[in-house]
> 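Before I ask anything, let me first share the structure, which is written out below as structure tokens.
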Amino acid sequence: MATLRDSLGDLVADIDGLFLFSPSTSYYERFDDVDVSRVVVAAENSVEADAFVELPLTFENARDRIKFGLEGAMEQGHVTEGDTVACAVAMFGEDADCLVRVRVDETMRSGIYDLFTDSRAEPGVIRDVFEVAIDLGKKGQKGKPVGALFVVGDAGKVMNKSRPLSYNPFEKSHVHVGDPIVNVMLKEFSRLDGAFIVSDAGKIVSAYRYLEPSAEGVDIPKGLGARHMAGGAITRDTNAIAIVLSESDGMVRAFKGGDLILEIDPEEY
Ligand SMILES: Nc1ncnc2c1ncn2[C@@H]1O[C@H](COP(=O)(O)OP(=O)(O)OP(=O)(O)O)[C@@H](O)[C@H]1O
Ligand SMILES: [Mn+2]
């Protein structure tokens, strides 16, 4: 047992910060006396932590969850480059069952935090669009897999770089993502071609848009087709982000600045 304990000790030796992911109050309070900065990463700050990073999604993939927390803490100044931190994460259960030691540096930065907090669109709008895409990916449309492309934020510019494929069902309406009825509409219209355009504040500006960005210099992973190329490229030409559900592999991918930032599997949600 001694060696196992030693190796656990190694994981937390000389750390500069302790990250607690969605801790219960009693778990959080167990670390009241630690002499390193304690950062809570959770959907809500129910433990009233001083250093808190809000999770917009659960991020079933623990790597994404940790990256989000670290990037947020870097951005908020709770940790700095070169720090080594320990992260207590719940991987399988409700309580922390996993301890991860990481060194905070620029290579850790995937842009996952900036995607939500430093885009033109409001973080809540981005979260709502993710939720629609994940839901659509999980259930498909009438049991069949569907693809969908959502371009979120900077809608005026996106409209200028696209053209209609059909009449716009959202033409005179003032509906917003996150509204349950709208989510049903979005799912219904996802069977048809083109992209949904969503404003910074979450208004659905249009469906059925054919995007015409310049694809120059856009480097998307091999194997992805025109939908992903158009989605990635429009985020280089504008300050929008794109959230793309693939009909062929069922994954939800997010692009910003022409780069693939995040990839999530709806089946895990
Ligand atoms: N420039 C574009 N603007 C808007 N929608 C597009 C554009 N190009 C393709 N699409 C949409 O994407 C759909 C799928 O195209 P394609 O198979 O080439 O993309 P993909 O990236 O492989 O996506 P998937 O993984 O869903 O198959 C098209 O039927 C069309 O509705
Ligand atoms: Mn395809």
Side-chain angles (χ1 to χ4, degrees), residues 61 64 115 119-121 125-126 129-171 175 177 182-200 202-269:
N61 179 328
D64 290 341
L115 176 74
S119 293
R120 277 281 300 260
V125 169
I126 297 172
V129 175
F130 262 108
E131 282 176 357
V132 175
I134 288 168
D135 213 37
L136 204 51
K138 242 188 331 209
K139 302 197 189 104
Q141 184 66 11
K142 308 204 162 69
K144 286 215 182 83
V146 284
L149 167 51
F150 300 92
V151 185
V152 190
D154 209 5
K157 214 162 170 191
V158 174
M159 288 300 276
N160 285 335
K161 289 192 178 280
S162 60
R163 64 174 76 203
L165 286 167
S166 178
Y167 84 101
N168 174 16
F170 295 98
E171 174 83 62
V175 293
V177 285
V182 173
N183 290 350
V184 172
M185 289 167 80
L186 290 177
K187 286 175 196 169
E188 192 60 36
F189 294 131
S190 68
R191 279 180 299 133
L192 295 139
D193 271 350
F196 292 104
I197 314 295
V198 179
S199 79
D200 296 346
K203 182 183 180 297
I204 317 226
V205 177
S206 185
Y208 307 141
R209 290 300 283 194
Y210 184 74
L211 307 177
E212 297 180 308
S214 102
E216 204 183 327
V218 176
D219 188 21
I220 65 161
K222 298 261 174 314
L224 298 174
R227 192 194 320 266
H228 294 84
M229 179 57 84
I234 196 82
T235 72
R236 243 181 82 106
D237 268 11
T238 67
N239 289 311
I241 66 155
I243 296 173
V244 189
L245 168 64
S246 167
E247 184 178 346
S248 24
D249 70 8
M251 299 291 279
V252 172
R253 296 182 176 83
F255 297 86
K256 182 177 174 177
D259 296 322
L260 173 63
I261 305 291
L262 172 65
E263 195 169 61
I264 58 186
D265 183 353
E267 296 296 339
E268 291 175 356
Y269 285 76

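For ligands, and for the atoms within them, numbers begin at 1 and follow the listed sequence. FYI, the numbering just counts along the sequence from 1.
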> Which pairs with one or both residues in residues 217-227 pass salt bridge (Lys or Arg N to Asp or Glu O under 4.0 Å), sequence neighbours excluded?
Arg227-Glu247
> Quick check for you: to the nearest 0.5 Å, what is the distance between Ile241 atom CD1 and Ile126 atom CD1?
4.0 Å
> In the protein, which heavy atom is nearest to atom 7 (C) of ligand 1, and how far is it?
Tyr210 CE1, 3.8 Å
> To the nearest 0.1 Å, how far is atom 24 (P) of ligand 1 from its closest protein heavy atom, and which atom is that?
Ser248 OG, 3.3 Å
> Any idea which protein heavy atom is nearest atom 18 (O) of ligand 1, and the distance to it?
Ala226 N, 3.0 Å
> Is the distance between the ring centroids of Phe130 and Phe150 less than 6.0 Å?
no
> If you measure from each heavy atom of Arg209 to ligand 1, is any distance below 4.0 Å?
yes
> Apply ring-ring contact (aromatic ring centres under 6.0 Å, His included) to Phe196 and Tyr208, showing your working.
CA-CA 6 Å; Phe196 292 104; Tyr208 307 141; 7.7 Å; no
> For Val184 and Val182, what are the C-alpha separation, side-chain angles and deciding distance, and is it a side chain to side chain contact (heavy atoms under 4.5 Å, CB included)?
CA-CA 5 Å; Val184 172; Val182 173; over 6 Å; no
> Between Lys203 and Val198, is the side chain to side chain contact (heavy atoms under 4.5 Å, CB included) condition met? List the steps.
CA-CA 6 Å; Lys203 182 183 180 297; Val198 179; over 6 Å; no
> Looking only at protein heavy atoms, which one is nearest to atom 31 (O) of ligand 1, and how far off is it?
Asp193 OD1, 2.7 Å
> Provide the number and element of each atom of ligand 1 under 4.0 Å from a heavy atom of Glu247.
24 (P), 25 (O), 26 (O)
> Quick one, Lys187 and Asp135 - any side-chain contact, counting heavy atoms below 4.5 Å?
yes
> Starting from atom 1 (N) of ligand 1, which protein heavy atom do you reach first, and at what distance in Å?
Leu211 O, 3.0 Å
> With atom 6 (C) of ligand 1 as the reference point, say which of Arg227, Met251, Met229 has the nearest heavy atom.
Arg227
> Looking at ligand 1, does any of its N/O atoms fall within less than 3.5 Å of an N/O of Leu224?
no
> Considering heavy atoms of the protein only, find what lies nearest to atom 5 (N) of ligand 1 and give residue, atom and distance to 0.1 Å.
Gly194 CA, 3.4 Å
> In terms of atom number and element, which parts of ligand 1 are under 4.0 angstrom from non-hydrogen atoms of Ala230?
1 (N), 2 (C)
> Taking distance alone, with no angle check, do Asp249 and ligand 1 share an N/O pair under 3.5 Å?
no
> Among protein heavy atoms, which sits nearest to atom 21 (O) of ligand 1, and what does the distance come to when rounded to 0.1 Å?
His228 ND1, 2.6 Å
> Under the criterion side chain to side chain contact (heavy atoms under 4.5 Å, CB included), I'd like the reasoning laid out for Tyr167 against Glu171: C-alpha separation, chi angles, the key distance, then a yes or no.
CA-CA 8 Å; Tyr167 84 101; Glu171 174 83 62; over 6 Å; no
> Take Arg253 and Leu224 through the side chain to side chain contact (heavy atoms under 4.5 Å, CB included) test and state the conclusion after the steps.
CA-CA 11 Å; Arg253 296 182 176 83; Leu224 298 174; 3.7 Å; yes
